[in-house]
Undergrad: 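Sharing a structure with you now.
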Amino acid sequence: MMASPAFAEKQYNNIVPFSIVMGTKDAKPKSPKAREYHGGGRVAGQSSEVYAFRTEEEIKAMIDMYNKHIDEAPDAHHRKIATRNKLLFVIGINIGLRASDLATLKWSFFIEDVVDGKYKFKDFYVLQPKKTRKTKKFVKLFFNNTVKKAIAEYLNEYSTDNLDEYLFPSREGGAISTKTLYRAIKNTAKEVGIKQNIGSHSLRKSWAFHVWRNAQDKDRALVMLMRCFNHSSTAVTMRYIGIMDDEIKDVYESVELGFDFI
């Protein structure tokens with residue numbers, strides 16, 4: 001689990017001490033295409049809520065499928081794309097950024113220097129998310145061992161001396177689009193057999209859900225997540241990461257009236 005940066009230092013009073021800042025509460029993409037790429041388009045018989053990868057089995061299945069794409073790539077170009085997509089998934093579920101910020105991450109955000117081919121990781125990086133630039137809010141990103149391992153494995157195969165390059169480059173140059181990011185997650189989830197509604201938000205929702213689930217003090221974790229997501233209450237945060245549905249399910253399943261008499 002990611003080490004919890006419980007409180008930001010005084011010199012970072014305008015920095016939220018978890019790894020994400022949300023925009024306005026319950027903001028919804030305006031266009032059908034925007035809803036599609038966020039996973040919010042309505043499909044008959046399917047919830048419009050974006051699903052988080054909630055179990056280790058689902059996460060393992062996704063990574064296994066990315067590894068399969070890598071192993072079965074027809075050429076070096078497609079192998080690099082498949083390796084990039086695996087890195088995208090692992091980074092996405094471990095730092096909880098919006099797709100617009102995740103897509104534009106650079107090596108310099110994570111790595112301080114390259115000495116004799118070895119990469120020195122930073123302790124943290126202060127990022128200004130696109131959605132909160134008007135309010136001048138920042139996030140302080142911390143990198144757990146999973147993030148460092150994924151980056152190290154990628155750079156072992158695709159080394160770089162230019163730390164200003166994007167982690168997730170497009171074929172045309174520059175960073176990948178959020179549309180490409182969405183498809184890299186959505187299509188792989190379909191291959192794995194996940195039936196729930198998967199979208200770009202699935203990555204950051206997964207991070208939030210597991211922060212809460214792994215926390216010893218779950219009430220405190222909800223408060224921290226509420227701050228990170230700029231929600232109006234912890235109830236909104238619970239709904240956002242799907243905790244409310246679990247609790248309602250538990251309520252219904254906690255009582256079995258008349259079962260023994262049927």
Undergrad: Over all heavy atoms of both residues, which pair between Y166 and W107 is shortest? Give the atoms and the distance, please.
TA: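 Residues Y166 and W107, closest heavy atoms: O-NE1, 3.7 Å.
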Undergrad: When rounded to the nearest 0.5 angstrom, what distance separates CG in L105 from CG in L127?
TA: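 Taking CG in L105 and CG in L127, the distance rounds to 7.0 Å.
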Undergrad: Between S206 and A52 (side chain of the first, backbone of the second, donor and acceptor by atom type, cut-off under 3.5 Å), is there such a pair?
TA: no
Undergrad: Using a strict threshold of under 4.0 Å (side-chain N to carboxylate O), is an ion pair present between E56 and K60?
TA: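 Looking at E56 together with K60, the answer is no, because their closest N to O distance does not fall below 4.0 Å.
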Undergrad: Checking K122 side chain against S108 main chain: does a donor-acceptor pair fall under 3.5 Å?
TA: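 Yes; at least one donor-acceptor contact below 3.5 Å.
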Undergrad: Taking Y125 as the fixed residue, which of F143, F109, F138 is the one that meets the ring pair (Phe, Tyr, Trp, His ring centres under 6.0 Å) rule?
TA: F109
Undergrad: Between T234 (side chain only) and T237 (backbone N and O only), is there a donor and an acceptor less than 3.5 Å apart?
TA: no
Undergrad: So I81 and R171, do their side chains get closer than 4.5 Å, heavy atoms only?
TA: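 Yes; the side chains approach each other to less than 4.5 Å.
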Undergrad: Are K86 and I63 close enough, and set up right, to give a side chain to side chain contact (heavy atoms under 4.5 Å, CB included), and what steps lead you there?
TA: CA-CA 7 Å; K86 175 185 174 181; I63 293 175; 4.0 Å; yes
Undergrad: Is the side chain of T104 donor-acceptor paired with the backbone N or O of D101 at a distance under 3.5 Å, no angle test?
TA: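 Here the side-chain-to-backbone pair exists.
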Undergrad: May I have the step-by-step check of side chain to side chain contact (heavy atoms under 4.5 Å, CB included) for S159 and Y119, ending in yes or no?
TA: CA-CA 10 Å; S159 61; Y119 300 93; 3.4 Å; yes
Undergrad: Determine whether H201 and R98 satisfy the following criterion, side chain to side chain contact (heavy atoms under 4.5 Å, CB included), listing intermediate values before the conclusion.
TA: CA-CA 7 Å; H201 278 318; R98 282 181 175 272; 3.8 Å; yes
Undergrad: Looking at S200 and T178, what are the two nearest heavy atoms and their distance?
TA: OG-O, 4.1 Å
Undergrad: When rounded to the nearest 0.5 angstrom, what distance separates CG in L222 from CD1 in I241?
TA: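 Those atoms lie 6.0 Å apart.
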Undergrad: Could you tell me which non-hydrogen atom of A175 sits nearest to which non-hydrogen atom of A103, and how far apart they are?
TA: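 Shortest heavy-atom separation between A175 and A103 comes out as CB-O, 3.4 Å.
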Undergrad: Are K179 and R183 side-chain neighbours, meaning at least one heavy-atom pair lies under 4.5 Å?
TA: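 Yes - at least one pair of side-chain heavy atoms lies under 4.5 Å apart.
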Undergrad: Are there over 12 heavy-atom neighbours, none belonging to N145, within less than 6.0 Å of that residue's CG?
TA: no
Undergrad: For K186 and N197, does a side-chain donor sit closer than 3.5 Å to a side-chain acceptor?
TA: yes
Undergrad: To the nearest 0.5 Å, what is the distance between CG (L225) and CZ (R220)?
TA: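 It comes to 10.5 Å.
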Undergrad: Main chain of R54, side chain of R213: is a donor-acceptor contact present, judged purely on distance under 3.5 Å?
TA: yes
Undergrad: Taking the six-membered ring for Trp and the full ring for Phe, Tyr or His, determine whether the centres of Y240 and W212 are under 6.0 Å apart.
TA: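 So the answer is no for these two rings.
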Undergrad: Mind checking the CD1-CZ spacing from I111 to F121? Nearest 0.5 Å is all I need.
TA: 5.0 Å
Undergrad: Any side-chain heavy atom of R84 sitting closer than 4.5 Å to one from T180?
TA: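 R84 reaches T180 side chain to side chain.
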Undergrad: Does any non-hydrogen side-chain atom of T83 lie less than 4.5 Å from one of Y158?
TA: yes
Undergrad: Between S202 and I198, what is the shortest heavy-atom contact and its length?
TA: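 Heavy atoms only, the tightest pair is OG-CA, 3.5 Å.
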Undergrad: Please list, chain by chain and in numerical order, all residues satisfying side-chain contact (heavy atoms from CB on, under 4.5 Å) with D123, sequence neighbours excluded.
TA: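 side-chain contact (heavy atoms from CB on, under 4.5 Å) list for D123, sorted by chain: empty.
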Undergrad: Hey, could you give me the CG/CG distance between N94 and L141, rounded to the nearest 0.5 Å?
TA: 12.0 Å
Undergrad: Do V90 and V147 come within less than 4.5 Å of each other through their side chains, counting heavy atoms only?
TA: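 Not touching, per the 4.5 Å side-chain cut-off.
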Undergrad: If you compare all heavy atoms of T188 against all heavy atoms of A184, which two are closest, and at what distance to 0.1 Å?
TA: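 For T188 versus A184, the nearest heavy atoms are OG1-O, 2.9 Å.
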Undergrad: Look at the side chain of K118 and the backbone N and O of V115, then say whether any donor-acceptor pair between them is shorter than 3.5 Å.
TA: no
Undergrad: Just grab all the ring pair (Phe, Tyr, Trp, His ring centres under 6.0 Å) pairs involving residues 64-98, residues at least two apart or on different chains.
TA: F53-F89, Y66-F89
Undergrad: Using a 3.5 Å distance criterion without hydrogens, assess whether the side chain of K205 forms a donor-acceptor pair with backbone atoms of V50.
TA: yes
Undergrad: Could you tell me if the side chain of I93 sits less than 4.5 Å from the side chain of W207, heavy atoms only?
TA: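 Side-chain contact under 4.5 Å: no.
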Undergrad: Would you check if L102 and L203 make a side-chain contact, meaning some heavy-atom pair closer than 4.5 Å?
TA: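 Of all side-chain heavy-atom pairs linking L203 with L102, at least one is under 4.5 Å.
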Undergrad: Tell me whether D75 at atom CG has more than 12 heavy atoms from other residues, nucleotides or ligands lying less than 6.0 Å away.
TA: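 Above 12, so yes.
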Undergrad: Check whether Y154 and F110 end up in the same hydrophobic cluster, where Ile, Leu, Val, Met, Phe, Trp and Tyr are linked by side-chain heavy atoms less than 4.5 Å apart.
TA: yes
Undergrad: Would you say L163 and K106 make side-chain contact, with heavy atoms under 4.5 Å?
TA: no
Undergrad: Under 4.0 Å between a side-chain nitrogen and a carboxylate oxygen: does that hold for E157 and R79?
TA: yes
